[in-house]
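To start, the structure under review is shown below, and the notes come after it.
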Amino acid sequence: MNTPDVNELARELQARSQDVAGHHPIDLAGVKRRARQIRRRRTVVTSAVAALAVAAVAPAGLVLSGVVTTLEGPDRPPIAGEPSPTSTSSPASTSDGEQRSQGTTRLSLDGLERGENPRIPYLDRKTLVTPDGKRVALDGAYSWITPYARGWLVGSWGESGSELTFLDADGSAQRSQPGSQAVVDASGTFVAYVAAEGASEEPQLVIAPTMGSEGAKVQIPVDPSATPVGFLSEDDVVYKIETDDGQEGTFIAHAPRTSEQVPGVLRAWSATGHGLIAAMTRQQDFGSCSAVIEADGFDRRWETCDFSLGAFSADARYVLGTDPFLDGVGQSQVAILDARSGEVVAHYQKRDSDAVYVNNMVWEDRTHVLATVFDDGRWAVVRMDTNGGMELATDPVRGSDVDCPFFFSLQP
Amino acid sequence: METARQSAKELKDAEFEAYMNARQSSLLRTAYLLTGDRDSAEDLVQTAFAKLYLSWDKVRRRDMLDAYMRRIIVNENNALWRRGWRRKEVTTDEVPENGPTHDQYDHGERSALWNFVQTLPRRQRAVIVLRFYEDLSEAETADILGVSVGTVKSQTSRALASMRERVHTQRILARDGEDE
């Protein structure tokens, strides 16, 4: 039973609520406009981070000290019929039965066991956490990070669009400029982004070494809406355009100055040094179709309308998939697809009634995927694998659904 | 096929619009109590409707729409407060056409209560609005806020203790002063 003063409070709230009584300021057109803004913002963040994840483990020394101590050699293309590489460790917490059903694992944080911390550098709000547990405090919160010069290059998304910030080795911001999301090449020695920098006032696709002098940049003129999605080689970068009037396209920038359009596709999702491009081929009201395409000759390997696509694994054996309709609220599923055939290798899906979604995902190594998962007021990094296993890679933290606290470093 | 898709879209819009028109006034009142500002409340509710529109096809239980909207509104309000630029975006210097009304018969008591509510930390304020305006149970409030029932109890208790100290004590002191 309420006390008199609580009743008084309730009456006051009722009275004050009448300040806006009978007011109907919101119409469907305004809601749809806002929905488009939300969808665009979420799509940019999600697809860009996914596109950055062209797999391969970043050597810890690369990020920590700025010195490349070990680099994996170029991976050979996948061979038909070859068995999958065995994983170094597989999440084992997902028990068969309740969590898995007919090959699909329920996407949820409930009941997951705690596995290892992420084996790649990641951002925990304003802190960079490296695989050996070192933590570097940064000046701000960013949505990706990669080593650059003697410090770092980070990206963020604000009111005025995407922004690049150059940090020193201590994590202090040195300068910022408008610029696109970035990608790194297979060896981790080059980064590509779009910005108008230097003497040029026109946007350029910039290919810059991640170590050493900034003077060795290559700049290729591109459309202002261009965003790189992946390297095919050190000199060839796939980028997408999405102009204000709704035009979409995928191009390959060839250093030093030319670009060629990839025919028959809309926006690209990702590209790999193994000569493959994942791109959207058709967009529908409530879905889309995507294909994996050979960069040499543009032949389609396969097409699916069940998923939109993300990053390729380091050996280009797998490619990530998620909802075919990116509704801006977050993705309800993660699929690991065979990059040769499009066959579903592992599938994670939220239950209809669950308030669960995936914000971004990245290949941790050739058989493991890290994803930031929101589950009813909690965020965590979850590790998934090609066998349908799932475990926590961070402890869950409380948070709003619109503020993902975890983001990943760019993976070559 | 194209026609079928078009009619599905029109059906979705019609269904959504009917819900929006029916519920926006009520949701706006809740948002206003959470924000204390008409413009921010409208922005908040519009954003919540936009998020609902995007996930309309995923929401299977139409009887849960109000609960879903409340959850979006509360979470989004917290996010709005965290994001300085969003506040700047929606708050203007212009005086709204219909500013907050003042009850001329409340002898200052209700204004003091309203002023107090607006000074509460956002989570406590959400608890107070959900519990005593929406008349939700502690469990329902906890569900929306994504916290335990114990947290709802403690936040409620703290807010009411502040209210008793800051509003009612002041009223008594004020009346004592008048008596003199």
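Quick note: numbers below take in every heavy atom, side chains included, and nothing from hydrogens, waters or symmetry partners. A quick note: this is a predicted structure, and the numbers were derived from the prediction, not measured.
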Please classify the contact between B/Phe116 and chain A as side chain, backbone, both or neither, with a heavy-atom cut-off of under 4.5 Å. neither
Identify which part of B/Ile128 has an atom lying under 4.5 Å from any heavy atom of chain A, answering side chain, backbone, both or neither. both
Check the pair B/Asp43 / A/Arg34 against salt bridge (Lys or Arg N to Asp or Glu O under 4.0 Å), numbers first and verdict last. CA-CA 10 Å; B/Asp43 186 74; A/Arg34 179 64 56 88; 3.0 Å; yes
[X] [atom1] to [Y] [atom2] distance, which is reported to the nearest 0.5 Å:
X	Y	atom1	atom2	result
B/Met163	A/Glu12	CE	CD	11.0 Å
B/Leu33	A/Arg16	CG	CZ	10.0 Å
A/Asp19	B/Trp114	CG	CH2	7.0 Å
B/Glu17	A/Ile26	CD	CD1	12.5 Å

Using a 4.5 angstrom heavy-atom cutoff, name the option from B/Met20, B/Gln46, B/Glu42 with the most pairs to chain A. B/Gln46
Tell me which of these, A/Arg378, A/Lys32, A/Arg33, has more heavy-atom pairs under 4.5 Å with chain B than the rest. A/Lys32
Student check: side-chain heavy atoms of A/Leu9 and B/Leu160 closer than 4.5 Å: yes
Beyond-backbone contact of A/Pro25 with B/Leu28, side-chain heavy atoms, under 4.5 angstrom: yes
A/Ala35 and B/Ala50 have their tightest heavy-atom pair at N-CB, 3.5 Å
If I compare all heavy atoms of A/Ser17 with all of B/Tyr32, which pair ends up nearest, and what's the gap? CA-CD2, 4.5 Å
I would like to know whether A/Val6 and B/Arg164 meet side-chain contact (heavy atoms from CB on, under 4.5 Å); could you show each step before the answer? CA-CA 10 Å; A/Val6 168; B/Arg164 282 162 190 148; 3.9 Å; yes
Run B/Phe16 and A/Val31 through side-chain contact (heavy atoms from CB on, under 4.5 Å) and show every step you take. CA-CA 10 Å; B/Phe16 177 85; A/Val31 167; 3.9 Å; yes
Any chance you could lay out the side-chain contact (heavy atoms from CB on, under 4.5 Å) test for A/Leu13 and B/Leu113, step after step, and finish with the verdict? CA-CA 9 Å; A/Leu13 293 174; B/Leu113 265 174; over 6 Å; no
